[in-house]
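Note that this is a predicted model, so its numbers are computed, not measured.
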Amino acid sequence: MGEKVSIYDGLPYLYAEQLHGKRVTLTIANVVGGAEFVSADGRRAIGFDVSFKETEKKLGITGVTVRRQLTVATGTDDPALMAGKRITLYPVDSKKSAAGCAIRIAKAD
């Protein structure tokens, strides 16, 4: 057979459907502001890239809800102090997402 190929290969970000309905706990490696995201309707937003120790995929954050969840889960609103903190990602249904689901953040289990 060969190497497993995924439609997500080459995409730098995590998407809710990649969680397969499960809660996934990861360790934050770095949080960097200033990332630009463009939505399907062309709206541009500046947000944050959250990198993890366990995967090369990043979590792109632009929305207020997920920013607040990240702050609560890590206990800080300072991106520089988030490195090393563990958070749990989980999918929720979302009418705003093209795939019908979105990632949310909780304190690590």
Side-chain angles (χ1 to χ4, degrees):
M1 280 252 173
E3 214 173 300
K4 183 179 175 186
V5 176
S6 169
I7 197 75
Y8 297 100
D9 287 352
L11 298 177
Y13 292 99
L14 283 168
Y15 294 94
E17 60 272 20
Q18 291 175 288
L19 299 177
H20 302 288
K22 297 178 182 165
R23 295 172 68 87
V24 176
T25 299
L26 299 169
T27 307
I28 296 172
N30 196 13
V31 179
V32 178
E36 182 179 36
F37 299 91
V38 181
S39 64
D41 64 5
R43 287 183 297 146
R44 296 183 180 279
I46 301 298
F48 293 87
D49 276 347
V50 180
S51 300
F52 301 100
K53 292 183 178 180
E54 296 86 353
T55 180
E56 292 182 15
K57 300 283 186 182
K58 297 180 268 188
L59 178 64
I61 298 177
T62 57
V64 173
T65 298
V66 180
R67 286 182 194 214
R68 291 176 58 213
Q69 289 177 333
L70 181 63
T71 297
V72 170
T74 60
T76 182
D77 64 351
D78 183 346
L81 298 178
M82 293 178 180
K85 306 278 184 168
R86 291 179 55 75
I87 60 173
T88 298
L89 306 181
Y90 62 95
V92 296
D93 292 338
S94 172
K95 292 183 181 184
K96 292 181 181 179
S97 170
C101 53
I103 292 178
R104 294 295 182 255
I105 301 171
K107 290 182 181 181
D109 298 331

About how many Å separate [atom2] of [Y] and [atom1] of [X], when rounded to the nearest 0.5 Å?
| X | Y | atom1 | atom2 | answer |
| --- | --- | --- | --- | --- |
| M82 | N30 | CE | CG | 11.0 Å |
| I87 | L59 | CD1 | CG | 6.5 Å |
| L70 | I61 | CG | CD1 | 4.5 Å |

Which atom pair, heavy atoms only, marks the closest approach of [X] to [Y]?
| X | Y | value |
| --- | --- | --- |
| Q69 | Y90 | NE2-OH, 3.9 Å |
| T27 | G84 | CG2-O, 3.7 Å |
| A83 | A29 | CB-O, 3.6 Å |
| V66 | R104 | CG2-NH1, 3.5 Å |
| V31 | P79 | CG1-CB, 3.7 Å |
| F48 | G33 | CD2-CA, 3.4 Å |

Next item on the list: List for me each residue that meets side-chain contact (heavy atoms from CB on, under 4.5 Å) alongside L19, sequence neighbours excluded, and say none if there are none.
Entry: V24, L89, P91, I103

Note to self: Using the salt bridge (Lys or Arg N to Asp or Glu O under 4.0 Å) criterion, which residues pair with R86? Sequence neighbours excluded.
What the structure shows: E54

Next item on the list: Mind checking salt bridge (Lys or Arg N to Asp or Glu O under 4.0 Å) for E36 and listing every partner two or more places apart, or none if nothing turns up?
Entry: R44

Next item on the list: If a pair satisfies salt bridge (charged side-chain N to carboxylate O under 4.0 Å, His left out) and one of its residues is in residues 60-76, list it, with sequence neighbours excluded.
Entry: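 Qualifying pairs: none.
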
Next item on the list: Mind jotting down which residue pairs meet the side chain to side chain donor-acceptor pair (under 3.5 Å) criterion with at least one end in residues 57-66? Sequence neighbours excluded, please.
Entry: none

Check: Can you list every side chain to side chain donor-acceptor pair (under 3.5 Å) pair that touches residues 71-80, not counting sequence neighbours?
Finding: none

